[in-house]
Engineer: 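Just passing along the structure, written as structure tokens.
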Amino acid sequence: MKKAVPILETATVAITLALVSGIFAQIKAPSPQSSPRGRGGIETESAPTSGDLFWKKLDDRVGEIVGRFDGVMGVAIVDLTDGRTISRNADHVFSTASSIKIAILLELYHQEQGARDGAQGKARLNDVYDFDPKVLVDFSAIMAGLTPGVTKVTNRDLAQFMVAVSDNTAANILIDRVGMQNVNATLRNLGLTKTMLRRKMMDFAAAKRGDENVSTPQEMARLLEAIYKGKLLLKKELNEQFVKQLSTLKESYIPHDLPPGVQVANKPGNLQNVRTDSGIVFAKDRPFAMSVMTSNARDERAAERAISEIALEAYRCFETRNKVPISDLHNRIDSITFVFKQTIKR
């Protein structure tokens, strides 16, 4: 009988600790009523948390920006922590412009992974290319300055030119090296049916035939989600290299208004009356993927500003959602501390 008291106290302590753990889990986890994409969600009558209110505010702001835009705009934002999404015209098919280069870059790393696993005939990051000026196309800021018959660059270098300054000749060489059909096959394997690489850069004859490079905001965001979660690049080292290369500082719309130092792995695109940008924003402890695509923009500068505005609104929301409401937390801990002390006194 004498052993019953310590056993009871031990059990009480264990239960109390479990309750404390439950509080922290509740603070970190999404409420049931906002379960990501409805997976396992159960509607409840519980009051919305502060995180839910910030999420609703972001959803409303995105709706306002899309509503006032003089053209067509699609938006998809994915919380990479809990999977929740915000979308406006997210399944509408848009021209990707240079944002399709994310898929080209991914296929290069995918083939590098295959080669490391023993597959034959795959493009490698360190494969060497001898510069040939005959392949030059417009908007090739780096490639146009290379020395014919002298300069040799690797596929990794070409990828860097393609990402950093959107060099179109570098992109076209990589398309030849990895294969257009292979890029599209990889996209299909990820379940992306509307995202298609159908022409090389600056091939306007192909575009007029309807062979435009296209996607949807939803699919571009899902592509970035798959990259973040390592669903294609299973080798962690390669996935990290890919994200680092895509995070190269560049002139683009998503990071334009964000605080200095925020990592953004993105690729913008622009054509006449078209502005797009898709990327992963590494907000502290709460990363998110986003894609904004526009067409028929009467004011291209307004389209760029709108993308930047949505990115900033999203960043503020994710930064705020990640913070624990301190007053709320103190009240809960005080309550449990009181219960714990009363139990020990017994």
Engineer: Will you find, in the side chains of Lys101 and Thr96, an N or O donor that is under 3.5 Å from an N or O acceptor?
Structural biologist: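 No, Thr96 and Lys101 have no side-chain donor paired with an acceptor closer than 3.5 Å.
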Engineer: Side chains of Arg177 and Gln111: do they bring a donor and an acceptor to under 3.5 Å?
Structural biologist: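 No pair is found: no donor N or O on one side chain lies under 3.5 Å from an acceptor on the other.
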Engineer: Can you name the side chain to side chain contact (heavy atoms under 4.5 Å, CB included) partners of Ala76, sequence neighbours left out?
Structural biologist: Ala90, Pro217, Gln218, Ala221
Engineer: Does any N or O in the side chain of Gln113 come within less than 3.5 Å of the main-chain N or O of Leu234, such that one atom is a donor and the other an acceptor?
Structural biologist: yes
Engineer: To the nearest 0.5 Å, how far apart are CG in Asn266 and OG in Ser99?
Structural biologist: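 Interatomic distance, Asn266 CG to Ser99 OG, rounded to 0.5 Å: 8.0 Å.
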Engineer: Heavy atoms only: give me the nearest Ser166-Ser98 pair and the separation to one decimal.
Structural biologist: OG-OG, 3.2 Å
Engineer: I need the full list of ring-ring contact (aromatic ring centres under 6.0 Å, His included) pairs touching residues 120-163, with sequence neighbours left out, sorted by first then second residue.
Structural biologist: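 Listed by first then second residue: nothing to list.
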Engineer: Please enumerate all residues that pass salt bridge (Lys or Arg N to Asp or Glu O under 4.0 Å) together with Arg124, with sequence neighbours excluded.
Structural biologist: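 Only Glu112 meet the salt bridge (Lys or Arg N to Asp or Glu O under 4.0 Å) criterion with Arg124.
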Engineer: Please check this pair: side chain of Asn89 against backbone of His92, looking for a donor-acceptor N/O pair closer than 3.5 Å.
Structural biologist: no
Engineer: Holding to salt bridge (Lys or Arg N to Asp or Glu O under 4.0 Å), I want the full list of residues that pass it with Glu251, two or more places apart in sequence or in another chain.
Structural biologist: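 Salt bridge (Lys or Arg N to Asp or Glu O under 4.0 Å) list for Glu251, sorted by chain: empty.
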Engineer: Examine the side chains of Gln245 and Gln241 and answer whether a donor and an acceptor come within less than 3.5 Å of each other.
Structural biologist: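 Checked: Gln245/Gln241 side chains show no N/O donor-acceptor pair below 3.5 Å.
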Engineer: So which pairs with a foot in residues 194-251 pass ring-ring contact (aromatic ring centres under 6.0 Å, His included), sequence neighbours left out?
Structural biologist: Tyr109-Phe242
Engineer: Mind checking who shares a hydrophobic cluster with Met196, ILVMFWY linked at side-chain heavy-atom distances under 4.5 Å?
Structural biologist: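 Other cluster members: Val93, Val214.
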Engineer: Identify, with sequence neighbours excluded, every residue that meets ring pair (Phe, Tyr, Trp, His ring centres under 6.0 Å) alongside Phe318.
Structural biologist: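 Checked Phe318 against ring pair (Phe, Tyr, Trp, His ring centres under 6.0 Å); matches are Trp55, Phe288.
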Engineer: I need the Leu224 CG to Arg222 CZ distance, nearest 0.5 Å.
Structural biologist: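 Here the interatomic distance stands at 10.5 Å.
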Engineer: Check this for me: His256, atom NE2, are more than 12 non-hydrogen atoms of other residues, nucleotides or ligands nearer than 6.0 Å?
Structural biologist: no
Engineer: For Asn296, give me all partners under side chain to side chain contact (heavy atoms under 4.5 Å, CB included), at least two apart in sequence or on another chain.
Structural biologist: Val72
Engineer: Quick check for you: to the nearest 0.5 Å, what is the distance between Leu106 atom CG and Leu190 atom CG?
Structural biologist: 7.0 Å
Engineer: Does Arg156 use its side chain to pair, donor to acceptor, with the backbone of Asn126 at less than 3.5 Å?
Structural biologist: no
Engineer: Please report the closest heavy-atom contact between Ala207 and Arg199, naming both atoms and the distance.
Structural biologist: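 Taking Ala207 first and Arg199 second, the nearest heavy atoms are CB-NE, 3.7 Å.
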Engineer: In terms of heavy-atom contacts, does CZ of Arg68 have more than 12 from other residues, nucleotides or ligands at under 6.0 Å?
Structural biologist: yes
Engineer: Would you call Arg275 and Glu300 a salt bridge, taking side-chain N to carboxylate O under 4.0 Å as the test?
Structural biologist: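 Salt bridge between Arg275 and Glu300, a charged N being under 4.0 Å from a carboxylate O: yes.
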Engineer: Do Glu64 and Arg61 meet the salt-bridge criterion of a basic N to acidic O distance under 4.0 Å?
Structural biologist: yes
Engineer: Could you check whether any side-chain N or O of Arg88 sits under 3.5 Å from a backbone N or O of Asp59, counting only pairs where one atom can act as donor and the other as acceptor?
Structural biologist: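 Such a contact is found between Arg88 side chain and Asp59 backbone.
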Engineer: Of all the heavy-atom pairs spanning Val165 and Ala141, show the shortest one and how long it is.
Structural biologist: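 Here Val165 and Ala141 meet closest at CG2-CB, 4.5 Å.
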Engineer: List the steps, then state whether side-chain hydrogen bond (donor to acceptor under 3.5 Å, both in side chains) holds for Asn172 with Thr169.
Structural biologist: CA-CA 5 Å; Asn172 287 347; Thr169 298; 5.7 Å; no
Engineer: Please answer whether the main-chain N or O of Thr248 pairs with a side-chain N or O of Lys250 as donor and acceptor at a distance below 3.5 Å.
Structural biologist: yes
Engineer: Where the side chain of Asn213 meets the backbone of Ile100, is there a donor-acceptor pair that is under 3.5 Å apart?
Structural biologist: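 No, the answer is negative, given that no donor and acceptor are paired below the 3.5 Å cut-off.
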Engineer: Taking the side chain as every heavy atom from C-beta outward, state whether Glu313 and Ile310 have any atom pair closer than 4.5 Å.
Structural biologist: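 A side-chain contact is absent here, since even the closest heavy-atom pair is not under 4.5 Å.
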Engineer: Any Lys/Arg nitrogen of Glu219 or Lys194 sitting under 4.0 Å from an Asp/Glu carboxylate oxygen of the other?
Structural biologist: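 Salt bridge flag = no for Lys194 with Glu219.
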Engineer: For the residue pair Leu271 and Glu212, what are the closest heavy atoms and their distance?
Structural biologist: CD1-OE2, 4.2 Å
Engineer: So which heavy atom on Ser295 is nearest to which on Phe69, and how close?
Structural biologist: O-CE2, 4.3 Å
Engineer: My understanding is that only one of Asp167, Asp138, Asn168 makes a side-chain contact (heavy atoms from CB on, under 4.5 Å) with Met201; could you say which?
Structural biologist: Asn168
Engineer: For Thr154 and Asp157, does a side-chain donor sit closer than 3.5 Å to a side-chain acceptor?
Structural biologist: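 The criterion, which ignores hydrogens and geometry beyond distance, is satisfied for Asp157 and Thr154.
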Engineer: Do any N or O atoms from the side chain of Thr294 and from the backbone of Met73 form a donor-acceptor pair under 3.5 angstrom?
Structural biologist: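 Not at all, since once roles are kept as given, no pair shorter than 3.5 Å links the two residues.
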Engineer: Are the charged groups of Asp82 and Arg84 less than 4.0 angstrom apart, N to O?
Structural biologist: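 Result for this pair is yes, salt bridge flagged.
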Engineer: Under the rule for side chain to side chain contact (heavy atoms under 4.5 Å, CB included), what residues qualify as partners of Asp60, not counting sequence neighbours?
Structural biologist: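 In terms of side chain to side chain contact (heavy atoms under 4.5 Å, CB included), with neighbours along the sequence ignored, Asp60 is linked to Lys56.
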Engineer: At what distance, to the nearest 0.5 angstrom, does CG of Leu105 lie from CE of Met162?
Structural biologist: 4.5 Å
Engineer: Can a donor-acceptor pair be found, under 3.5 Å and without considering hydrogens, that links the side chain of Asn184 to the backbone of Leu197?
Structural biologist: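 Judged by distance alone, yes, a pair lies under 3.5 Å.
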Engineer: Please determine whether a side-chain nitrogen of the Lys or Arg among Arg305 and Glu309 lies less than 4.0 Å from a carboxylate oxygen of the Asp or Glu.
Structural biologist: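 No, this pair does not count.
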Engineer: For Ile254 and Ala311, which heavy atoms make the closest approach, and how far apart are they?
Structural biologist: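 Minimum heavy-atom separation between Ile254 and Ala311: O-CB, 3.3 Å.
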Engineer: Quick one: OH on Tyr315 to CD1 on Ile77, what's the gap to the nearest 0.5 Å?
Structural biologist: 15.0 Å
Engineer: Answer yes or no: is there a side-chain heavy-atom contact under 4.5 Å between Leu187 and Leu223?
Structural biologist: yes
Engineer: Go through the structure and list residues passing salt bridge (Lys or Arg N to Asp or Glu O under 4.0 Å) with Asp117, not counting sequence neighbours.
Structural biologist: Lys235
Engineer: For Pro260, check side chain to side chain contact (heavy atoms under 4.5 Å, CB included) against everything at least two apart and list the hits.
Structural biologist: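 Side chain to side chain contact (heavy atoms under 4.5 Å, CB included) check on Pro260 returns nothing, list empty.
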Engineer: Examine distances only and state if a side-chain atom of Asn239 and a backbone atom of Ile227 form a donor-acceptor pair shorter than 3.5 Å.
Structural biologist: yes
Engineer: Quick one: pull up CG in Leu238 and CG in Leu232 and give me the separation to the nearest 0.5 Å.
Structural biologist: 10.5 Å
Engineer: Can you list everything that forms a salt bridge (Lys or Arg N to Asp or Glu O under 4.0 Å) with Lys122? Sequence neighbours excluded, please.
Structural biologist: none
Engineer: Looking at Val292, Asp257, Thr276, which one forms a side-chain contact (heavy atoms from CB on, under 4.5 Å) with Ile307?
Structural biologist: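 So, applying the side-chain contact (heavy atoms from CB on, under 4.5 Å) to Ile307 and each of Val292, Asp257, Thr276, only Val292 qualifies.
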Engineer: Tell me whether Asn182 contacts the main-chain N or O of Val178 through its side chain, where contact means a donor paired with an acceptor under 3.5 Å.
Structural biologist: yes
